[in-house]
Amino acid sequence: MNVSQLAGLLGLRVFGGETGLGNEINGGYTSDLLSDVMGHANAGCVWVTLQTHKNVLAIASLKELAAVVIVKGYQPEPDMLEQSSIEGIPVLGTSEEAFEITGKIYQLLNG
Amino acid sequence: MTAETIHIEFQVEGGNFSRAGYPSSEVKKRLKQLNVDGSVIKRTVVALYEAEVNIVAHAYRGLISVDIDEHKILIRLTDEGPGIPDIKKAMEIGYSTATPEVREMGFGAGMGLSNMNSNADRLEITSKVGQGTTVEIVNFFHK
């Protein structure tokens, strides 16, 4: 499944990084601690978080993650969006909480 | 032997998170160009990123010096800062002296040094309280 398909199926808002909508997703990681993601997320994961700053994209890029999903209706900060376009890593959004959206993503990937 | 060696340096400004990750990203590009094994690149950028963020979060300024030869990458991060009084304690997972602002960003969870430790073939930390800290990371391309 790619990022565009995931966004469509779950009604996720695409904030930016559209050039990466074709990125293949092979798993997910849910965490708000950056070093936790740095240490344990795998390439191709979609990262579910409530963090909305630019450093999220630095980590997503270094770890070659497929996309970032911001939860609870939070908005990405402008420099996060800018970095999303530069890196080609989509930043998506949902009004749901991390628990709910993680469960849905898990079901789609493992169902 | 005429093997190419590469030397790169980066300045790091304490407190400025907006540029954090740039050195790791540049090093990643160079290692990819050199066809270094992907798993070595992944480990190196994790160790370097964590070390850089520690300078940004704790020190006043620092210098990252990177030397790449055909066998290994050697990264030396030197900072002017408060230093680490108890390195053994600092290595413990969950131990952190980060400010609440830094923690709110999701940094400072006490996992950085442990990430560095598990992603470096050699990790050496020396520190003088009130002066600064030097971190040396070595990763080998072939084991």
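Below, chain A is the first sequence line, B the second, and so on; all start at residue 1. Computed from a predicted structure; not experimentally measured.
Note on A:M1 and A:V48: same hydrophobic cluster, where clusters join Ile, Leu, Val, Met, Phe, Trp and Tyr whose side-chain heavy atoms are under 4.5 Å apart, directly or indirectly. Hydrophobic clustering, with ILVMFWY side chains joined whenever heavy atoms are under 4.5 angstrom apart, groups A:L10 together with A:L92. In terms of hydrophobic clustering, with Ile, Leu, Val, Met, Phe, Trp and Tyr side chains grouped at heavy-atom distances under 4.5 Å, A:V46 and A:Y29 are assigned to a common cluster. Hydrophobic clustering (side-chain heavy atoms under 4.5 Å, transitive across Ile, Leu, Val, Met, Phe, Trp, Tyr) keeps B:L63 apart from B:F17. In this structure, B:L34 is a member of the same hydrophobic cluster as B:F141, with clusters built from ILVMFWY side-chain heavy atoms closer than 4.5 Å.
Shown here is A:E100, whose CD atom has more than 12 heavy atoms of other residues, nucleotides or ligands within 6.0 Å. Within a 6.0 Å radius of CD in A:E24, more than 12 heavy atoms belonging to other residues, nucleotides or ligands are found. Within 6.0 Å of CZ in B:F10 there are more than 12 heavy atoms belonging to other residues, nucleotides or ligands. Around atom CZ of B:R103, more than 12 heavy atoms belonging to other residues, nucleotides or ligands sit under 6.0 Å away. The number of heavy-atom neighbours closer than 6.0 Å to CD1 of B:I93, taken from other residues, nucleotides and ligands shown, is 12 or below.
Most heavy-atom pairs under 4.5 Å with chain B, from the set A:S35, A:G39, A:S31, A:A43: that is A:S35. Taking A:H40, A:H53, A:K54, A:Q83 one by one and counting their heavy-atom pairs under 4.5 Å with chain B, the maximum is reached by A:H53. Ranked by heavy-atom pairs shorter than 4.5 Å toward chain A, the options B:K42, B:R19, B:K28 are led by B:K28.
The stretch residues 61-79 of chain A places A:S61, A:L62, A:K63, A:E64 near chain B, each with some heavy atom under 4.5 Å from a heavy atom of that chain.
Taking all atoms of both residues into account, the shortest heavy-atom contact from A:A58 to B:A20 is CB-O, 3.8 Å. A pairwise comparison of heavy atoms in B:N115 and A:M38 identifies ND2-CB, 4.0 Å as the closest pair.
Contacts of A:N55 with chain B are made by both backbone and side-chain atoms, with heavy-atom separations under 4.5 Å. With a 4.5 angstrom heavy-atom cutoff, B:Y49 touches chain A only via side-chain atoms.
Note that CE of B:M105 is 7.5 Å distant from CG of A:L34, once rounded to the nearest 0.5 Å.
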